[in-house]
**Student:** 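Take a look at the following structure, please.
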Amino acid sequence: MDAPIHGDKELYQLQTQAWQSRLRALEMGTRAGIGHIAHDFSCLDILTVLYFKIMRINPENPSWEERDRFVLSKGHSVGALYVTLAARGFFPLSWLATYQGFNTRLPGHPDRKTVPGIEHNTGALGHGFSVAVGMAAGLYDHNRKNNIVPHVYVLLGDGELQEGSNWEAAMLGAHLQLSNLTAIVDRNGLQQGNFTEETVRLESLRAKWESFGWATLGCNGHDFADLVQAFNESSTSDNQPQVIIAKTIKGCGVGFMENQTSWHHRIPTQEEFSEACKEIKKNLALQKGFING
Amino acid sequence: MADLRVTFTTTLLKRAETDPRLAVVVSDSVSSSKLGAFQKAFPSKIYNVGIAEQNLVGFASGLAAVGFIPWACAATCFLSYRSLEQIKNDVVYSYHPVRLVGNTSGVDYGPLGTTHHSLEDLGTLRSLADLTLFIPADHRELAEAMDYFFVSDTPAYLRLYRGDIPRDLSMPGSFQLGQVRVLREGNHCTVFANGRMVHYALQASDLLHSQGLSVGVVNVSCLNPLDEKTIAETAQHAPCVVTLEEHSVKGGLGGAICEVLSEYHPLPVKRIGFPKGHSIPGPPGDLLRHYGLTPEPVAEKIRAFAEPILQGTLFSHKGVHHG
C-alpha cells in the first residue's frame, strides 16, 4: 500500500507507530505459526488511533476507574491489540514472543485475566457488543452526575454483523441513548470464506445502523486524519450512540495479502515473510525519514 | 408455603436501599420475575433489554465489568438455553459476578409444553466448573444464599420455582456455599434431593418410616461447587442411594451423585426425576404426579429399589453380592 505521509506531526507519529505495530504483528504471527495477520492489519490503524490519541487510559494503572473502555468484539484480531497494548506500555514488548505459545498470557483470543489492558474476554463472534452496551450503561448511570463519563469503544467485524445478537445490542444501545458508546465496524468486506456481500449481504450497512437509531459516520480506516476526525465527531452526540463504519482493507500494508480471502488465517512462508517485512520496513523507513527530515 | 419469587424480590428490595452495586436486568420479564415493586421503587437500578436473552446475559456481564453485581432474571427455559454461549464466555470465562436467575424452572410452565420446560438446565450448566449452581429448598435458604451472592465475586446461577415452596424446612445450620445439609439420617437408604423435591423427600421418608424403612434425606442445594466429601461420607450410612430432582435424570443431581459415589464409595443408585427431557404438557402438579414425583410414588420407588438390596437379592441373578 502506498500510504500518504501525513504532514501533521501527531498524525505521522501515529502512522509510524502503526507501521511499527504491523511489523511486530507480522513477526509475532509468523513466529507463532498461527494467527489472523490479515485481520490484524485491517484494524491496526483504528487501534493505534484509539490507544495513542483518543482514549483516556493509564497504562501504569490499567484498572483506573475513570478510564475509557475498549472491547475487541472481533476477538480473532487480538494480535493487533497485543502489539498496540505493548507499544502503549501495558505490558513488556518481550511478552509478544510468547504469542499463542503453550500456556501463554497471550492466547489467540483476548483474556482479561492474563493481559493488563484487556477489558473483556472475546473470541466467539457476536458477544462483545452486548457487553459494551452494558459497560456504557453502567458507566453512564454511575457517573452521570460527574463531569466525565467514561466512554466505551467496541470494534466489530463486518462479517460478525451476521450474528443476530449484534442487532439486539444495537437496538438496546439506541433505546438507552448511550452517548458514551461508539461502535466501530471494520468494514473490509471479507469474511472467512468469501466477500461479505457474496455470503450474506450487509449493505446498505449505514442505512441499517441509522434505522436502528445510531448516529452514523463513515471514514477511511487507514487514513489517520480521517480516523481522528471521525472519533472526534462521534463524541459530540448527547443522546445517541455512534457507529463509525471504517472502510478498511484486509491485509492492509502488505500488497500480496490485501483483499484476499486466502489470507483469512494464512501464515506467510519464509519467502512471503521476507517480502512482507521488506514492504513494511520500506514504509517505516519512509515514515522515519520524514520525521527525522 | 409461598412462591419463592416473593422472598427473592423482597430480599432484593431490602438490599437495594443500601447497595450501590446492585442492579437488576430483565428481558421483558418484570412480571414473570415478580419485579414490579422493585421497578417502581428503584427504576434506575433495573434495565430491560427486551426479549433478547443473549443480550440479557452479555449486557449483565458488561455491567459487572464496570463494577456492578447484576441479577439477570428471566424464565429458566430461555435464560439457560438461549444464552448458553454468553453464560460460558461472557460470565464464566470472563469471571464476572453475574447472578443468573431462572425464575420458572422444571415444569413450572406446565401447560405451555416442552419449549417452556427446563429439565436439562442443570445438566448443561453443571459442566461449567466455575459457575456456582444454587437450587433452594425453602425460602429461608434462598434468603441466606442471596446474602452471600450480594457480596461474592463468583458467577452464579439460581434455579427458582413458582408455586408453593416451604418457607422453612427447619434445616440444621444455615446456607454455606458448597455444603450439603443432612436433614435426616437413615440406615436403609439415603436420598439426595434438591429444590422442591427436598420437601417431598422428607414426606416420602415419613411414609417409609411407617413401613419400617429408615431413609435419610440430604439437601444438595449447590451442584457447583459440590460437597463431594460429605456426600461420600453420608452415603456410607446405608447400602443404597436415591437421587430426587425436578430435572432430567441425565446429567443433573443424579449424574453428579453417581460421579462422586463411583469414585469414592460405589454402591447402587436409583435416579428419580424426569425420564427424558421432553415432558408432556399439563398443570405442574399433574405432571409431577404423572411422572411419579410426588411423595407417595417417590416413597414406593424408594421402597421397591431398596428392599431387594436390603434383602441381598438385587443383582443376585448376576452373581453380584451386596452384604
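The analysis underlying the following values was restricted to heavy atoms, covering all of them including side chains, and did not include hydrogens, waters or symmetry mates. Source: prediction; values computed, not measured. Each chain gets a letter, A, B and so on, in the order its sequence line appears, and its residues count up from 1.
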**Student:** Applying salt bridge (Lys or Arg N to Asp or Glu O under 4.0 Å), name anything that partners A:Glu65, two or more places apart in sequence or on another chain.
**Tutor:** none
**Student:** Could you have a look at B:Leu56, B:Asn55, B:Val66, B:Val49 and say which one has the most heavy-atom pairs with chain A under 4.5 angstrom?
**Tutor:** B:Asn55
**Student:** Quick check for you: among A:Met135, A:His127, A:Lys113, which has the greatest number of heavy-atom pairs under 4.5 Å with chain B?
**Tutor:** A:His127
**Student:** Please rank A:Gly138, A:Ala136, A:Pro150 by heavy-atom pairs under 4.5 Å with chain B and give me the top one.
**Tutor:** A:Gly138
**Student:** Salt bridge or not for B:Asp3 and B:Lys34, using N-O below 4.0 Å?
**Tutor:** no
**Student:** Should the pair A:Arg187-A:Asp158 be classified as a salt bridge under the 4.0 Å nitrogen-to-oxygen rule?
**Tutor:** yes
**Student:** Which atoms of A:Asn166 come close to chain B, meaning under 4.5 Å heavy atom to heavy atom: side chain ones, backbone ones, both, or neither?
**Tutor:** neither
**Student:** Name the region of A:Ala132, side chain, backbone, both or neither, that has any atom closer than 4.5 Å to a heavy atom of chain B.
**Tutor:** neither
**Student:** What do the steps show when you test B:Leu177 against B:Phe134 for side-chain contact (heavy atoms from CB on, under 4.5 Å), and what is the final call?
**Tutor:** CA-CA 9 Å; B:Leu177 181 73; B:Phe134 171 65; over 6 Å; no
**Student:** Measure B:Tyr93 against the heavy atoms of chain A and call it side chain, backbone, both or neither at under 4.5 Å.
**Tutor:** both
**Student:** For the residue pair B:Phe149 and B:Phe175, categorise the inter-ring angle as parallel (less than 30°), tilted (30 to 60°) or perpendicular (more than 60°).
**Tutor:** tilted
